[in-house]
*Asks:* 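Pasting a structure below so you can have a look.
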Amino acid sequence: MTDWPNLHVSQHPAVRHKLGILRDANTEPKKFREVVRELSWLLGYEALADAHTRPIDVPTPLEVMQGEELADRIGFVPILRAGLGMVDAFLELMPTAQVWHLGLFRDERTLRPVEYYNKLPNSATVDLSLILDPMLATGGSATAAIEVLKRWGAVRIKLVNLIAAPEGVAAVSKAHPDVEIYCAALDRQLNEKGYIMPGLGDAGDRQFGTGGAS
Ligand code: PRP
Ligand code: URA
């Protein structure tokens, strides 16, 4: 149990096992990307469990039965660059979803998010939006992304992270208590550089081989 009713930390043993591989500083980018994808599948399964369906007739070889099809129009919003590694798994889960890319990076000095790319259409076209980003640290990037989506007209927003810091969960929950947060782990704290401890280092660098873990 945590202080945040909107926070869902996965308890699945497969998630806990894969997280250990992801955190390990010896895990190479290729393996790291594979595990990001696998964890995204597992978290997506949990985060999308309340998506709405509608009844349809399904002709089995023996008779027509009442089956279901997805009714919600779903949008995935990966935060560049680290969120890119989560997209394929989410699209495998929900192949008809739309994907809008949002580019945000953290200014290393102020830790504030800077928006540099936005591929959202003019107005909201979905019932449910999922923001995808492996790391929730100060919460600045997630809060900025939620604000962009709300201005755009999104009504139901969920945030999916692999690892969250309490500071980030508190910031998002305070500003946007209506946003449900799904993550694989809630870590201890941020360090003085805004990195999640124990965390996994820089999720973008570790996926794309652009630097060492911090
Ligand atoms: C990382 C991460 C989040 C952000 C989290 O991105 O993917 O977007 O930091 O930090 P916050 O909660 O303090 O805002 P980064 O800025 O390193 O960009 P990158 O994905 O391009 O490496
Ligand atoms: N972004 C990352 O990639 N890692 C952290 O620990 C914090 C922000």
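One-based numbering, in listed order, for ligands and for the atoms of each. All figures in this text were calculated on a predicted structure; none of them were measured in a lab. All residue numbers in this chain count up from 1 along the given sequence. Atoms considered below: every heavy atom in the structure, side chains included; atoms not considered: hydrogens, waters and symmetry mates.
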*Asks:* Does R206 reach the main-chain N or O of L22 with its side chain, forming a donor-acceptor pair under 3.5 Å?
*Replies:* yes

*Asks:* Which protein residues come within less than 4.0 angstrom of ligand 2, counting heavy atoms only?
*Replies:* R106, M135, A137, G194, Y195, I196, G201, D202, A203

*Asks:* Do we see a donor-acceptor contact under 3.5 Å between the side chains of T138 and E167?
*Replies:* no

*Asks:* Can you confirm whether the side chains of E46 and H8 place a donor and an acceptor under 3.5 Å from each other?
*Replies:* no

*Asks:* Would you confirm whether N161, through its side chain, and C183, through its main-chain N or O, come within 3.5 Å as a donor-acceptor pair?
*Replies:* no

*Asks:* Would you mind writing out the side-chain donor-acceptor pairs for residues 83-95 within the sub-3.5 Å range, not counting sequence neighbours?
*Replies:*
| residue | atom | partner | partner atom | Å |
| --- | --- | --- | --- | --- |
| E92 | OE1 | W41 | NE1 | 2.9 |
| E92 | OE2 | R37 | NH2 | 2.1 |

*Asks:* Less than 4.0 angstrom from a charged side-chain N to a carboxylate O is my criterion; do D127 and R73 meet it?
*Replies:* yes

*Asks:* Indicate yes or no for a side-chain donor-acceptor contact from R16 to the backbone of Q11 under 3.5 Å, with no hydrogens or angles considered.
*Replies:* yes

*Asks:* Treating W152 as the side-chain partner and P121 as the backbone partner, does any N or O pair qualify as donor plus acceptor under 3.5 Å?
*Replies:* yes

*Asks:* Using the salt bridge (Lys or Arg N to Asp or Glu O under 4.0 Å) criterion, which residues pair with R33? Sequence neighbours excluded.
*Replies:* none

*Asks:* Protein N/O near ligand 1 N/O, under 3.5 Å, which pairs?
*Replies:*
| residue | atom | partner | partner atom | Å |
| --- | --- | --- | --- | --- |
| ligand 1 | 7 (O) | D133 | OD1 | 2.7 |
| ligand 1 | 8 (O) | D133 | OD2 | 2.5 |
| ligand 1 | 12 (O) | A137 | N | 2.9 |
| ligand 1 | 12 (O) | T138 | N | 3.1 |
| ligand 1 | 12 (O) | G139 | N | 2.9 |
| ligand 1 | 13 (O) | R106 | NH1 | 2.8 |
| ligand 1 | 13 (O) | T138 | N | 2.9 |
| ligand 1 | 13 (O) | T138 | OG1 | 2.6 |
| ligand 1 | 14 (O) | S141 | N | 2.9 |
| ligand 1 | 14 (O) | S141 | OG | 2.6 |
| ligand 1 | 16 (O) | R106 | N | 2.8 |
| ligand 1 | 20 (O) | R81 | N | 3.1 |
| ligand 1 | 20 (O) | A82 | N | 3.0 |
| ligand 1 | 21 (O) | R81 | N | 3.3 |
| ligand 1 | 21 (O) | R81 | NE | 3.1 |
| ligand 1 | 22 (O) | R81 | NE | 3.2 |
| ligand 1 | 22 (O) | R81 | NH2 | 3.0 |

